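As a basis for the values below, the full set of heavy atoms in this structure was taken, side chains included, without hydrogen atoms, waters or symmetry mates. All ligand and atom numbering here is 1-based and tracks the order in the structure. Just so you know, these numbers come straight off a predicted model, no measurement behind them.
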Amino acid sequence: MSTGAVGRAYPRLEGPAKVTGTARYAVEYPVDGVTYGWAVPSAVVRGRITRIDTTEALASPGVLAVVHHGNAPRMAPGPQPELRLLQEPTVHYRGQYVAVVVATSLEAAREGARLVRIDYDTGPHSTVLTDDHPGLYKPDQVNPSYPTDTAEGDFDAGYAAAPVRVDVTYRTPAYHNNPMEPHATTAQWHDGRLLVHDSNQGASSVRATLAELFEVSPESVRVVTEHVGGGFGSKGYAKAAVVLTALAARHVDRPVKLALTRQQLFGPIGYRTPTIQRVRLASDADGRLTAICHDAISQTSTIHEFAEQTAVYTRSMYAAPHRRTTHRLVRLDVPTPFWMRAPGECPGAYALESAVDELAIAVGMDPVELRIRNDTEVDPDQGQPFTSRNLVTCLREGAQRFGWAGRDPTPRARRDGRWLVGTGVAGSSYPARARPSSARATARPDGSFLVQINATDIGTGARTAIWQVAADALGVPPEGVEIHIGDTTLPTAPVAGGSMGTASWSWAVIRAAQALREKLRDSGPPTGEVTAEADTTEEVGGQPALPRYAYGAHFVEVRVDADTGEVRLNRMLGVFAAGRVVNPTTARSQLIGGMTMGLSMALHEEGVLDERYGDWVNHDLATYHITGCADVESIEAYWLDERDDELNPAGVKGLGEIGIVGAAAAVANAVHHATGVRIRELPIRLDKLIGVSDLA
Ligand code: MOS
């Protein structure tokens, strides 16, 4: 019955609205009597507010209120303690929002914020992650609920007995999510009911958090999230901006708009934790892995434990009889780290896929072949077969497309004028999960259909993908289907995160469409509207526990200036096995976006913390460097036609994160091949490569 909408390249449904400027983002809705909020960040790292002087601020033209711990509406304890803003004078990290100024214009609010005088008592602080930090401890579990440590066989004995060994430590800095649209909210209270237009990755969960914090029923909170300018994980749950805005609106009893500045995104909204990762690999003389150990260290805050699953990637990627992984954490006087595209897998794969390259060199074996030799059909961690695992096909097809054959493995062997040229490869994998969702499908008397689900399109094309899935499930051309997402008045749905969105939402939409078709079969052509709903909670929970992952392989060619150490990307090519691809246009965009972000991680991005002030010194896009268009000379993404019926009714594995996993390792491996220098601390800046200089 399929009309074949799934698998076809459709442009984003909201594209015309976005390019003509009629699509509305969170603070673009016109609201009568609206006021503007401006957040005031703490100027100290750790301590207590002893006095807040608001006299000057309140005297400033247009300022209506300065909301702070002394006068803010009270909030209940919530799931994330850092969201209980302005409830107490304690400061846990520099940049924590300690007040919000509300005024009749944005400019007046900003000026008012400048005039708030705050005195603090301060204490000593610790803000830098080190591998000998006295505060290192073992968390009870790592995100979302993995065991902290795993061990099989006898790693120490297996490692000691092996003829080839690699023992290397990699470091990654803090990375900051920088969506184009900052965290932004319009909040209004009417008769005890809260309406917010908010930029987030999942309005259902934001509603639940707001209801909990403000002690109102979920039904009296409505969150509208129609268009979102990116999130990369940082908008995965309710964050400070939405809470601060709702709090301010309650205090002044007027609608409030608040958008964080670019600078204010560095810190309180979360960031990818820095990591220190020791990887030990051992193999026989033929490159067959015998022992794998991955010890990961990362940081959390003093307010909330966020234990990133850095070494989890290593548990399932390659087989070996002796295996161990550990995670250790330090509580620092810093903002709580949070999700950033492939949290855990991304930095973990950088370390493991780099170490595999180092092992291949130690063995004297091609790194593509070494990975293929260590492939496994059974998950080494779970001991069960994968639902599908096409890593080897990705590696082979990628090698063929890239022109890998005949590569001289000798480092620093290829030159192009003053450029040293090298190539690198890395594997990639990311879990293919789904979460319960609900959805509603309605048949209208004119023959058209309406599909409603509180899914979120953060710029990925999710709206379009769901529309395609819905059309096929209803058995009609997509032009006859209208789709509504991004509003908590619609059926509850999970967050756009963890590469789970399309799988989860499609599942519910397909079930609702099937239920509707059954109803219509029984009732004949509708004379009024006929509606059916579905909730996949029982289905999704009842999935067999077989391990399920998307896979990929990255191939990279770089050139490095032999005099300056400048690294440039010649080309980057990825092949992915991610189940069914719903929309080739938006899928490609997700994949090359992830790959570009991996390139950015390898060469550019770095949160630099000044321990004296406990804050990032580079907190804007002028000083926190990200890859720009000129840095990407050629980037290509391909995918296999993978069918995996074990997954979910849509057969999708998700594409949001697989593109970034392993990408930085492929770049780093290529830089080593070009120069003979192994940089184990990202980013690979020219000052770290200065030793490669012909002049040195
Ligand atoms: Mo993404 S870091 O799963 O929102």
S.K.: Under 3.5 Å, N or O to N or O, is Trp339 touching ligand 1 that way?
M.R.: no
S.K.: Any nitrogen or oxygen of Gly233, main chain or side chain, under 3.5 Å from a nitrogen or oxygen of ligand 1?
M.R.: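 Yes - when backbone and side-chain N and O of Gly233 are compared with those of ligand 1, one distance drops under 3.5 Å.
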S.K.: Within less than 4.0 angstrom of ligand 1, does Lys235 place any heavy atom?
M.R.: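 For ligand 1, residue contact (heavy atoms, under 4.0 Å) with Lys235 is absent.
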S.K.: Give the residue and atom name of whichever protein heavy atom lies nearest to atom 3 (O) of ligand 1, and the separation in Å to one decimal.
M.R.: Gly498 N, 2.4 Å
S.K.: Relative to the ring of Phe266, is the ring of Tyr624 parallel (under 30°), tilted (30 to 60°) or perpendicular (over 60°)?
M.R.: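 Perpendicular, since the angle between the ring planes exceeds 60°.
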S.K.: Is the terminal nitrogen or CZ of Arg389 (NZ for Lys, CZ for Arg) located under 6.0 angstrom from the six-membered ring centre of Tyr549 and within 45° of that ring's axis?
M.R.: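 Because its charged atom misses either the 6.0 Å distance or the 45° angle limit, Arg389 does not stack over Tyr549.
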S.K.: Please work out, at 4.0 Å between heavy atoms, whether the side chain, the backbone, both, or neither of Met340 comes within that distance of ligand 1.
M.R.: backbone
S.K.: Just to verify, which of Tyr175, Tyr170, Tyr313 counts as forming a ring-ring contact (aromatic ring centres under 6.0 Å, His included) with Tyr350?
M.R.: Tyr170
S.K.: Which residue holds the protein heavy atom closest to atom 1 (Mo) of ligand 1, what is that atom called, and what is the gap in Å?
M.R.: Glu657 OE2, 3.4 Å
S.K.: If the cut-off is 4.0 Å to any non-hydrogen atom of Arg341, which atoms of ligand 1 fall inside it?
M.R.: 2 (S)
S.K.: Locate the shortest heavy-atom distance separating Val582 from Val652; write the atom from each residue and the value.
M.R.: CG2-CG1, 3.7 Å
S.K.: Are any of the heavy atoms in Gly236 under 4.0 Å away from ligand 1?
M.R.: no
S.K.: Can Gly231 be said to touch ligand 1, with heavy atoms closer than 4.0 Å?
M.R.: no
S.K.: With heavy-atom distances below 4.0 Å as the criterion, list the atoms of ligand 1 near Gly497.
M.R.: 3 (O), 4 (O)
S.K.: Classify the ring geometry between Phe306 and Phe338 as parallel (under 30°), tilted (30 to 60°) or perpendicular (over 60°).
M.R.: tilted
S.K.: Can you confirm if the NZ or CZ of Lys653 lies within 45° of the ring axis of Phe576 and under 6.0 Å from the centre of its six-membered ring?
M.R.: no
S.K.: Which of the atoms of ligand 1 are close to Pro343, meaning less than 4.0 Å from one of its heavy atoms?
M.R.: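 Close to Pro343: 2 (S).
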S.K.: Knowing that exactly one of Asn200, Leu260, Val27, Val242 qualifies, which makes a side chain to side chain contact (heavy atoms under 4.5 Å, CB included) with Thr185?
M.R.: Val242
S.K.: Give yes or no for whether the N/O distance cutoff of 3.5 Å, strictly under, is met between Gln201 and ligand 1.
M.R.: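 It does: an N or O of Gln201 is found under 3.5 Å from an N or O of ligand 1.
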S.K.: Using the ring of each side chain (for Trp, its six-membered ring), is Trp467 parallel, tilted or perpendicular to Tyr10, with breaks at 30° and 60°?
M.R.: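 It falls in the perpendicular class, over 60°.
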